[in-house]
Amino acid sequence: MDFILDFLSEPSIIAGLTALIGLLALRKSFSNILKGTLKTTIGFMILGAGAGVIVDSLGIMGNMLEQGFNVTGVIPNNEAIVAVAQSTLGRETAMIMAFGLVANIAIARVTKLKYIFLTGHHTFFMACLLAAVLGVAGFTGAPLVIIGSFLLGSTMVLFPAMAQPFMRKVTGNDDIALGHFNSASYAVSSWIGEKVGKGSRSTEEMKLPDGLSFLRDNTISTAVTMSIIYIVLALVSGREYVTELSGGQHFLLFAIMQALMFTAGFTIVLAGVRMMLAEIIPAFKGIAQKIVPDAKPALDCPITFPYAPTAVIVGFLGSVVGGFIVFLILPLVGLPVIIPGMIPIFFTGAATGVLANAVGGRRGAIVGSVLNGAIITFLPAFLLPMLGDLGFQNTTFGDSDFGVIGILVGKLGDLMGSVGIYLLVAAVVAIFVAVSLPKGKKTDVAA
Amino acid sequence: MKILAICGMGLGSSLMLKMTIDEVLAEAGIEADVEACDLGSAQSQKVDYIVATEEIGEHLQSIEGTPVILVANVIDRGEVHKKLAPHLNL
């Protein structure tokens, strides 16, 4: 009995079982099922191993920030925070994710929100966020998993719905949706972009220099940006302090090695997540297609890039500017310092550029992406206190929707305890009912 | 036969691309090991074919003898089928 209980509590095994059930449901061959289940389980463990590598270098960054600037600082990186969270929240995350996938299919089947969220790593991140904030709100065990899965499934249909009016303008059809948990920012930024961009011409008529393309290789972009950050921090905290931390090694070399160590850990985490999802997401898609015939796949943000490649660059640069401005303001107003994370800024900025350009031309793209950069640098400052122990890891979630959900659940839990969360669940159910009520003509989901 | 599906991060688009390739190959009755991967890790693998998104294509230094196939839309089965056809005799 003990064996079974312990067996089912291992997060890597929960992930493996999710794949197993999916593959069984699709009637795959025995060898496929065995291979898929084992690879998923091992992928989860690789992710955990990456976490170990990241934690130490993040700690060093935190020390230098405190010494040099006398502030608590954080660099948002989804992979890092989630990897670090697995040691305390692994089991809850894995279960919320497993049942969250089921909830997505159920909600899509039953309501008019026919979105199937296929960006597995974001589902995984949101499951982790929910595990953290619901835990802080006092939930544990079965209620935590049930509420967490319901909320996860809900975000998987509601956020794509929020971005869809703008996606339609980009793609020219209603067949694909955006499955990227930055939809709140996409919607707000594109809406503002539309307002200011009336009559503005498309970004695609602009000419831009080529030099920024190295950013598409995530290992390189992380290594470069982290090295710059660590070197700056080392210089500011002083040779003496850092040499103490390094145990004698030259302080600048130490800084670079720590930055590269972070990159190494990050790459390991990515490999683990990739292996874990390689079986789960295809199975999820296969099952969803059978149960929800008119399902709209909600896909990762690069799906938008081919529609407006210049907007990608404009959007990225705009978000860097927006993020940098907020970064300078935060310490002045006594909030934790959020060092703009290059990866969230690149992907969200690029997609915002495309979406805002579609409704507001180049002016919309520029204004919208600056706003996006500001939002994703600002929100984490308010999210940190909601995460309990997880708020002290020198890293946090990067995209807007994690901040929105985390702050919403955190505040409700703070003000009204578990009652607040139950009210939230009731409100979400009410939204689903309202959206799905039969009407004379086809209803559009209001942004 | 081993095929690599590549995108920038190796998570979102390449997994979609892998699924599309899997479906196209299943329909044609061809067996292959398709793996999703990011740009950085791709260079070190020995495979039969590389399929990547167009915007990544410019960054792929040609890997000795490995054909690189570029697609614009990772979930468009028609396009993937069309582009793979000359290589795999679909």
Side-chain angles (χ1 to χ4, degrees), chain A residues 35 39 78-79 118-122 124-125 171 175-176 178-180 210 213-223 263 266-286 289 297-307 309 312-313 343 346-347 350, chain B residues 2-27 29 31-45 47 50-61 63 68-80 83:
Chain A
K35 190 179 97 154
K39 275 187 103 165
N78 293 328
E79 284 76 10
L118 290 176
T119 307
H121 55 290
H122 269 222
F124 181 56
F125 299 157
T171 63
D175 299 333
I176 55 176
L178 195 50
H180 195 233
D210 259 335
S213 46
F214 74 91
L215 289 161
R216 283 307 265 143
D217 184 330
N218 62 81
T219 314
I220 304 301
S221 61
T222 305
T263 308
F266 167 75
T267 308
I268 297 173
V269 169
L270 268 187
V273 173
R274 203 178 293 142
M275 193 181 287
M276 186 181 81
L277 294 174
E279 306 295 332
I280 293 183
I281 297 305
F284 174 60
K285 180 171 182 253
Q289 278 169 334
L299 304 168
D300 204 357
C301 60
I303 201 84
T304 60
F305 298 175
Y307 291 94
V312 166
I313 309 290
I343 291 181
F346 173 69
F347 284 99
Chain B
K2 174 117 193 214
I3 302 180
L4 219 51
I6 302 182
C7 74
M9 285 280 273
L11 281 178
S13 313
S14 55
L15 190 49
M16 295 298 128
L17 186 50
K18 168 192 146 68
M19 291 198 270
T20 310
I21 298 174
D22 278 336
E23 283 167 21
V24 168
L25 292 180
E27 262 171 36
E31 284 261 346
D33 184 13
V34 188
E35 198 181 306
C37 179
D38 71 303
L39 192 53
S41 318
Q43 320 276 13
S44 58
Q45 304 227 25
V47 298
I50 290 183
V51 185
T53 52
E54 264 171 6
E55 30 130 38
I56 289 293
E58 10 171 296
H59 300 276
L60 278 172
Q61 284 136 32
I63 299 154
V68 174
I69 301 159
L70 300 177
V71 294
N73 188 340
V74 299
I75 52 164
D76 185 347
R77 271 198 274 186
E79 184 191 357
V80 171
K83 297 228 165 116

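All values below come from the heavy atoms of this structure, side chains included, with hydrogens, waters and symmetry mates left out. Keep in mind that what you see is a predicted model, and the values were worked out from it rather than measured. Each chain gets a letter, A, B and so on, in the order the sequences are listed, and its residues count up from 1.
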Review point. For B:Glu35, is it the side chain, the backbone, both, or neither that has a heavy atom closer than 4.5 Å to a heavy atom of chain A?
Key: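 Neither part.
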
Review point. Roughly how far, to the nearest 0.5 Å, is the NZ atom of A:Lys35 from the CG atom of B:Asp33?
Key: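 Rounded to the nearest 0.5 Å, the CG-NZ separation comes to 5.0 Å.
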
Check your understanding: If you round to the nearest 0.5 Å, how far is CD1 of B:Ile75 from CD1 of A:Ile303?
Key ->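 So the CD1 of A:Ile303 and the CD1 of B:Ile75 are separated by 5.0 Å.
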
Review point. Highest number of heavy-atom pairs under 4.5 Å with chain B: which of A:His180, A:Met275, A:Lys285?
Key: A:Lys285

Exercise for review: Would you mind reporting whether A:Leu118 and B:Met16 have side-chain heavy atoms less than 4.5 Å apart?
Suggested key: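 SC-SC contact between B:Met16 and A:Leu118 confirmed.
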
Point to revise | Residues that B:Ala26 engages under side chain to side chain contact (heavy atoms under 4.5 Å, CB included), provided they are two or more places apart | key: none

Study note, to complete from the structure: side chain to side chain contact (heavy atoms under 4.5 Å, CB included) filter on A:Pro309, not counting sequence neighbours, yields A:Glu204

Review point. Which region of A:Leu299, side chain (C-beta onward) or backbone (N, CA, C, O), has a non-hydrogen atom less than 4.5 Å from a non-hydrogen atom of chain B, or is it both or neither?
Key: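 Contact with chain B: side chain only.
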
